[in-house]
Amino acid sequence: MPEGHTIHRMARRQRRDLAGRATTSSSPQGRFAAGAARIDGAVLTDIDAIGKHLFHRFGDETVHVHLGLFGRFRRVLGDDAAPPSENTRWVLAVDGIEWRLSGPTACELMDPAAEEALRARLGPDPLAGDDASPFLDALGRTRRSIGDVLLDQSVIAGVGNVYRAEVLFLAGIDPRRPATELAADESRAIWEIAGSQLAAGERAGRIVTVEPADVGVGRRADIPRGERLYVYKRDGRPCRRCGTGIASAESAGRSIWWCPGCQA
DNA sequence: GCTGCATGATGAA
DNA sequence: TCATCCTGCAGCA
């Protein structure tokens with residue numbers, strides 16, 4: 001689930017439910033028990049999203065959450081809902097609404113110095129309206145391929161394995177190309193496309209990169225499930241645009257897919 | 001019931 | 001580059 005679009009969407013929805021209200025916190029699993037006790041009853045002042053990181057503010061206290069590969073925040077309504085599972089790390093609630101967190105890589109109280117250090121190692125986040133220059137500069141300074149670099153959160157924050165593949169398809173760029181060899185307009189296009197795709201994902205609550213016409217429908221809403229992406233996990237299948245078989249390889253320790261026809 | 005896999009990141013080697 | 005952490009679920013027997 002969680003690339004940057006999910007995180008920003010989560011921040012927005014939680015803000016709507018919880019911001020400005022006195023909240024209760026608990027940790028059914030126990031691993032966040034001490035932290036939850038510190039903020040139990042506190043007013044949630046705000047929530048910030050940066051890349052794939054969430055910062056819940058309770059006055060002077062901040063909870064840092066990173067979902068990792070399979071963390072989830074679930075919204076549960078009603079007082080008669082089933083109790084949270086034993087794996088629930090954190091329950092953040094107001095009357096009638098619970099947000100239940102399970103499986104995160106990080107859920108911890110974080111002091112300002114630690115947060116500053118964390119932010120310092122994140123690249124610009126296109127969803128946060130950040131300036132592109134640090135990203136563009138970083139591309140010129142690395143020996144790595146553009147596919148590798150797009151997963152590096154210190155270069156661009158918020159892009160994950162689905163978006164890196166889909167963005168490079170939409171930009172028509174082979175993921176194996178060295179980042180330094182990209183033309184200025186290609187680098188700029190990657191930034192712009194990443195930003196618009198992440199924003200669309202945040203609005204829709206899911207990743208849909210294909211144009212309706214490429215799967216033979218008229219409206220975005222009619223794109224069938226399973227046909228929402230161009231290349232991600234489609235190795236061997238024909239490109240939706242040119243029919244060439246989708247290729248795959250390892251890049252930065254993860255799989256990546258691309259169309260050898262469209263991304264020559 | 002078991003296995004394997006997943007839109008992530010880190011620390012050791 | 002590898003091992004490790006975190007959980008849920010699809011696909012199998």
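Remember, it's a predicted structure, so these values are computed and weren't measured experimentally. Sequence lines set the chain letters: A, B, ... in the order given, protein chains first and strands last, and positions in each chain run from 1.
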Is the shortest side-chain N/O distance from A:Arg254 to OP1 or OP2 of B:dT7 below 4.0 Å?
yes
Consider the side chain of A:Phe70, meaning its heavy atoms from C-beta on, and name the nucleotide among C:dC9, B:dG8, C:dT7 that approaches it most closely.
C:dT7
Check ion pair A:Glu3-A:Lys52 (N to O, under 4.0 angstrom)
no
Apply side chain to side chain contact (heavy atoms under 4.5 Å, CB included) to A:His53 and A:Leu122, showing your working.
CA-CA 10 Å; A:His53 300 262; A:Leu122 289 179; 3.8 Å; yes
Pairwise P distance for C:dA3 and B:dC5, with rounding to whole Å
15 Å
Using atom CH2 of A:Trp257 as one end and atom C1' of B:dA6 as the other, report the distance to the nearest whole Å.
10 Å
Rounded interatomic separation in angstrom, taking CE from A:Met10 and C1' from B:dT7:
12 Å
Sticking with atom P, work out how far B:dA13 lies from C:dC5, rounded to a whole angstrom.
14 Å
Sticking with atom C1', work out how far C:dG8 lies from B:dT10, rounded to a whole angstrom.
22 Å
The side chain of A:Arg74 lies closest to which of these nucleotides: B:dG8, B:dA6, C:dG8?
C:dG8
With heavy atoms under 4.0 Å as the rule, sort A:Ser102 into base, sugar-phosphate or nothing.
sugar-phosphate
Please give, in whole Å, the distance from B:dG8 C1' to A:Tyr232 OH?
11 Å
Nearest-neighbour nucleotide for the A:Gln29 side chain, C:dT7, B:dT7, B:dA9 considered:
C:dT7
Quickly work out the A:Glu108 CD to B:dT10 P distance and round it to whole Å.
11 Å
Determine, using ring centers only, whether A:Trp99 and A:His56 are less than 6.0 Å apart.
no
Any side-chain N or O of A:Gln153 below 4.0 angstrom from OP1/OP2 of B:dA9?
yes
Using whole Å, report how far CG of A:Asn87 lies from C1' of C:dC9.
14 Å
Has A:Tyr163 got a side-chain N or O lying under 4.0 Å from the OP1 or OP2 atom of B:dT7?
no
Quick one: are A:Pro2 and A:Ile7 in side-chain contact, heavy atoms under 4.5 Å?
yes
Rounded to whole angstroms, how far apart are CD on A:Glu86 and P on C:dC6?
14 Å
Find the partner of B:dT7: check Watson-Crick (N1-N3 plus N6-O4 or O6-N4) and G-U wobble (N1-O2, O6-N3) distances, both under 3.5 Å, and reply none if neither fits.
none
Taking OP1 and OP2 of B:dG8, is either one under 4.0 Å from a side-chain nitrogen or oxygen of A:His66?
no
Could you give the CD-to-C1' distance, from A:Gln197 to B:dT7, as a whole number of Å?
14 Å
Can you find a pair of side-chain heavy atoms, one from A:Arg164 and one from A:Arg254, that are under 4.5 Å apart?
yes
Of the nucleotides B:dA9, B:dA6, C:dC9, which one has an atom closest to the side chain of A:Leu69?
B:dA6
So what does A:Arg206 touch, heavy atoms closer than 4.0 Å: a base, only the sugar-phosphate, or nothing?
nothing
Output yes when at least one side-chain N/O atom of A:Arg72 is less than 4.0 Å from OP1 or OP2 of B:dG8, else no.
no
So does A:Glu115 pair up with A:Arg57, basic N to acidic O under 4.0 Å?
yes
What is the distance from CG of A:Leu151 to P of B:dG8, rounded to the nearest Å?
7 Å
Just N and O in the side chain of A:Asn161: are any of them under 4.0 Å from OP1 or OP2 of B:dG8?
no
